[in-house]
**Q** 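First the structure, which I've put down as structure tokens, then a few questions once you've had a look.
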2 protein chains.
Amino acid sequence: MDLDIVRTFVAAADAGQFQEAAAELAITQQAVSKRIAALERDVGVRLFTRTPRGAELTIDGQAFLPHARELLRVAERAVTSVCTGRRPLRVDMLASRSAASGLMRGFHRAHPEIDLDVVMLFDIEKAVAAIRSGAIDASFRAVAMPGRPLPEDIESVRVLDEPLQLLVGPAHALASARSVTVAQLAGHRIWMPGLAPGTEWTAYYDDLVAEFGLTIEATGPNFGSDALLDTIADTPALATFMGGRTRLVWPAGHGLRRIPVTDPTPVYPHSLLWRRDNPHPALATLRAHLAATAAGHGAAGTWAPDWVIPR
Amino acid sequence: MDLDIVRTFVAAADAGQFQEAAAELAITQQAVSKRIAALERDVGVRLFTRTPRGAELTIDGQAFLPHARELLRVAERAVTSVCTGRRPLRVDMLASRSAASGLMRGFHRAHPEIDLDVVMLFDIEKAVAAIRSGAIDASFRAVAMPGRPLPEDIESVRVLDEPLQLLVGPAHALASARSVTVAQLAGHRIWMPGLAPGTEWTAYYDDLVAEFGLTIEATGPNFGSDALLDTIADTPALATFMGGRTRLVWPAGHGLRRIPVTDPTPVYPHSLLWRRDNPHPALATLRAHLAATAAGHGAAGTWAPDWVIPR
DNA sequence: CTATGGATACAACCCTTGGTTGTGGCCGGG
DNA sequence: CCCGGCCACAACCAAGGGTTGTATCCATAG
């Protein structure tokens, strides 16, 4: 199905006749006739009743019309999403179901008129490069890498500390615990596939390991959260860390448990990064919204690497 | 833009390489390459970075991807909306902003999983024919026409009495009234363009006129509610009737007033009509919903023509 | 270092799609 | 009864889009 044909259908429906629609679209009446005929062949029903003084929608055509308009609207938005000028606010985050997505949902509820696009870049290095180039407008990341300060033109503000939770299967030794201390985790196998060297999130877990003497296995590629959850559920001796604000597609019947970690509670520090001279109007709105709704961070009893930017 | 191209884009993004996407779509890799190139030319930005072992999305491509998926979803719904089998529940009503649309909004809130399509047929005769043929599943109308009973296979139930209101401009003699009695309306010019002979809504106003000795002018074609509202606002001696549940796009600065009518309050009786043997599962859900949320009708102090079906 | 395999891009060819022009049929109004 | 307006059908033509064949690039294995 071609969107030009859909456009033709809408124009013909609005005009009530093919000829006027043809004039609007700068094609001949015969072309409109052929397009409509092709569309009717595609969907398998008659959309217009042709009369000697025009064409009016059939019931099926009436039902189809709003969907056609919606189709054109969505196409419009799709194109503007990659337009260089006046495009939606484009935000990078760690993962589509991470805590940052919760913040963005809140922002969207508060400002439904602002168009948003979410992308997921590899690490903060890529994110900073994308912010500097203007490819994205903002990023939710942990900053900065140890010994690698942010460039001058990038600003950042810490917006959310996400408490880590332990994820275990039903047969795990800690499965029935209401909460566990960091000290209790020493000696347990914690599996986090996909930790890539040189990324800021791997640096975070490296620090966590060094600080509290934990054992984190990063072996094997990451086959996706489904496969990870399956393995965790089936392996009694295995656990993994998960952001406490992560909304999982919870697999039914796996018996997985999320267990808070305490003494101290490791928190993953999300900061908002943006380029100082980025003129996107929605960026200021986002910053104001986050400042207004900022959750507590750097709270007592929590731990984060000392290289993260201060609160 | 062709939806086949969008489909190709999504397939390539999912596969991470053109070759596999080509195999899925049963075309050659070269065709995929050309389609993607055409799409990139259309939107004006690069969507993939080609590597020797595949193609991965650029940031723009990532931003575009969810829009592309949405586009395909909407297209799918558009097609199923005119599919004969398992299509959305198709409901006819008097006007898109009439009281019936409020009922349907409530139904949609209660059952957001049920797809709906709204159409507006000419009159009850057309609606009954469409219901019998299966072209639509239900209709909100005033039934039945005087002396013209519903066919055997059509059922109906009165679901909502909509009180009429008087709509006047700021300079009208009744503009400052909190409410008016029917008796007060005698002698005032009431203008309702577009009252077509033989329709059930014209029959309603004919009865109203006969019962209370009103003056309703139906002269002139209906140029749409905007034009009607403009005229009403500008003409001191002119008023019109409007459904009390109608949600107008209220023109700013016109000073229009909506005035309740009493002694008695004329109500427009909306009934739900459907074919007894219509198997659409959502139809039963709609009937149950309307039965559960039924607003009062046939209340004391209201008037409706005696030919409408009993409550 | 070289050969190989797998991936994309480019070129040539050809068919099909889709546009235009020309024409006929239908119905309502003067 | 004729005329005018509108849509459908046929013929023609150009261009888009698919296929086959080939070049290029890079990672990996030998």
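Below, chains carry the letters A, B, ... as their sequence lines are ordered, and counting in each starts from 1.
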**Q** For residues 35-46 of chain A, which residues have at least one heavy atom under 4.0 Å from DNA chain D?
**A**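 Listed by number, there are none.
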**Q** In plain terms, say whether A:Arg141 and A:Asp92 are close enough for a salt bridge, that is, a side-chain N and a carboxylate O under 4.0 Å apart.
**A**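 Looking at A:Asp92 together with A:Arg141, the answer is yes, because their closest N to O distance falls below 4.0 Å.
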**Q** Once ring pair (Phe, Tyr, Trp, His ring centres under 6.0 Å) is applied, do any residues pair with A:Phe9, and if so which ones, sequence neighbours excluded?
**A**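 Residues passing ring pair (Phe, Tyr, Trp, His ring centres under 6.0 Å) with A:Phe9: A:Phe48, A:Phe64.
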**Q** Could you pull out all residues at least two apart from A:His67 that satisfy side chain to side chain donor-acceptor pair (under 3.5 Å)?
**A**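 Partners of A:His67 by the side chain to side chain donor-acceptor pair (under 3.5 Å) criterion, ordered by chain and then number, come out as B:Asp117.
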**Q** Once rounded to the nearest 0.5 Å, what's the spacing between atom NZ of B:Lys126 and atom OG1 of B:Thr199?
**A**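 Reported to 0.5 Å precision, the distance equals 12.5 Å.
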**Q** Using a heavy-atom distance cut-off of less than 4.0 Å, which residues of residues 54-65 of chain B contact DNA chain C?
**A**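 B:Gly54 - these, ordered by number, are the residues of the stretch whose heavy atoms sit under 4.0 Å from the strand.
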**Q** Does A:Arg77 CZ have over 12 foreign heavy atoms under 6.0 Å away?
**A**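 Not buried by this count: 12 neighbours or fewer within 6.0 Å.
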**Q** Taking side chain to side chain contact (heavy atoms under 4.5 Å, CB included) as the definition, give me every residue that meets it alongside A:Pro151, ordered by chain and number, with sequence neighbours left out.
**A**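 In terms of side chain to side chain contact (heavy atoms under 4.5 Å, CB included), with neighbours along the sequence ignored, A:Pro151 is linked to A:Val128, A:Arg132, A:Asp153, A:Ile154.
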**Q** Answer yes when B:Glu70 and B:Arg73 have at least one side-chain N-carboxylate O distance shorter than 4.0 Å, and no when they do not.
**A**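 A salt bridge links B:Glu70 with B:Arg73.
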**Q** Would you sort out whether A:Asp60 and B:Arg90 count as a salt bridge (charged side-chain N to carboxylate O under 4.0 Å, His left out), showing the intermediate values?
**A** CA-CA 9 Å; A:Asp60 286 313; B:Arg90 196 179 284 177; 2.6 Å; yes
**Q** Taking salt bridge (charged side-chain N to carboxylate O under 4.0 Å, His left out) as the definition, give me every residue that meets it alongside B:Glu56, ordered by chain and number, with sequence neighbours left out.
**A**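 So B:Glu56 forms no salt bridge (charged side-chain N to carboxylate O under 4.0 Å, His left out) with any residue.
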**Q** Using a heavy-atom cut-off of 4.0 Å across all strands, would you classify B:Gln19 as base, sugar-phosphate, or nothing?
**A**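 Base contact - B:Gln19 has a heavy atom under 4.0 Å of at least one base atom.
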**Q** Using a cut-off of strictly less than 4.0 Å between a heavy atom of the residue and any atom of DNA chain D, enumerate the qualifying residues of residues 8-16 of chain A by number.
**A**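 Heavy-atom contacts with DNA chain D come from no residue of residues 8-16 of chain A; none.
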**Q** Have a look at B:Glu40 and tell me which of B:Arg35, B:Lys34, B:Arg50 forms a salt bridge (Lys or Arg N to Asp or Glu O under 4.0 Å) with it.
**A**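 Of the listed options, the one satisfying the test is B:Arg50.
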**Q** At under 4.0 Å, does any side-chain N or O of A:Ser33 touch on OP1 or OP2 of D:dC7?
**A**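 It does not, given that no N or O in the side chain of A:Ser33 lies less than 4.0 Å from OP1 or OP2 of D:dC7.
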**Q** If you walk 5' to 3' along DNA chain C, what is the first nucleotide with an atom under 4.0 Å of a heavy atom in chain A, and what is the last?
**A**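 For DNA chain C, the relevant span reads C:dG19 to C:dG28.
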**Q** To the nearest 0.5 angstrom, please state how far the CG atom of B:Asp206 sits from the CD atom of B:Glu200.
**A**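 If we round to the nearest 0.5 Å, B:Asp206:CG and B:Glu200:CD are 12.0 Å apart.
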**Q** For B:Ile59 versus A:Ala130, what's the shortest heavy-atom pair and its separation?
**A**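 Result for this residue pair: CD1-CB, 3.4 Å.
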**Q** Quick check: are there more than 12 heavy atoms from other residues, nucleotides or ligands sitting under 6.0 Å from CD of A:Glu125?
**A**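 Check fails, neighbour count at 12 or below.
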**Q** Expressed as a whole number of angstroms, how long is the span from B:Met1:CE to D:dG16:P?
**A**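 Value for this atom pair: 17 Å.
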**Q** So, using salt bridge (charged side-chain N to carboxylate O under 4.0 Å, His left out) as the criterion, who are the partners of B:Asp4 when residues are at least two apart?
**A**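 So B:Asp4 forms a salt bridge (charged side-chain N to carboxylate O under 4.0 Å, His left out) with B:Arg7.
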**Q** Any donor-acceptor pair under 3.5 Å linking the side-chain atoms of B:Thr58 with those of B:Arg46?
**A**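 Judged by distance alone, the side chains do not pair up.
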**Q** Look up atom CD in A:Gln62 and atom CG in B:Leu121, then write down how far apart they are to the nearest 0.5 Å.
**A**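 One finds 6.0 Å between CD of A:Gln62 and CG of B:Leu121.
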**Q** Indicate for each nucleotide in nucleotides 20-29 of chain D, in 5' to 3' sequence, whether protein heavy atoms under 4.0 Å reach the base (B), only the sugar-phosphate (S), or nothing (-).
**A** BBB--BSS--
**Q** Among all residues two or more places apart in sequence or in another chain, which pass the ring pair (Phe, Tyr, Trp, His ring centres under 6.0 Å) test with A:Tyr204?
**A**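 Once residues adjacent in sequence are excluded, the partners of A:Tyr204 under the ring pair (Phe, Tyr, Trp, His ring centres under 6.0 Å) criterion are A:Tyr268, A:Trp303.
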**Q** Using five base pairs at each end to define the local axes, how bent is the helix from C:dC1-D:dG30 to C:dG30-D:dC1, to the nearest 10°?
**A**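 About 20° separates the two local helix axes.
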**Q** As an exercise, state the distance from CG of A:Leu39 to CE of A:Met1, rounded to the nearest 0.5 Å.
**A**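 CE of A:Met1 is found 6.0 Å from CG of A:Leu39.
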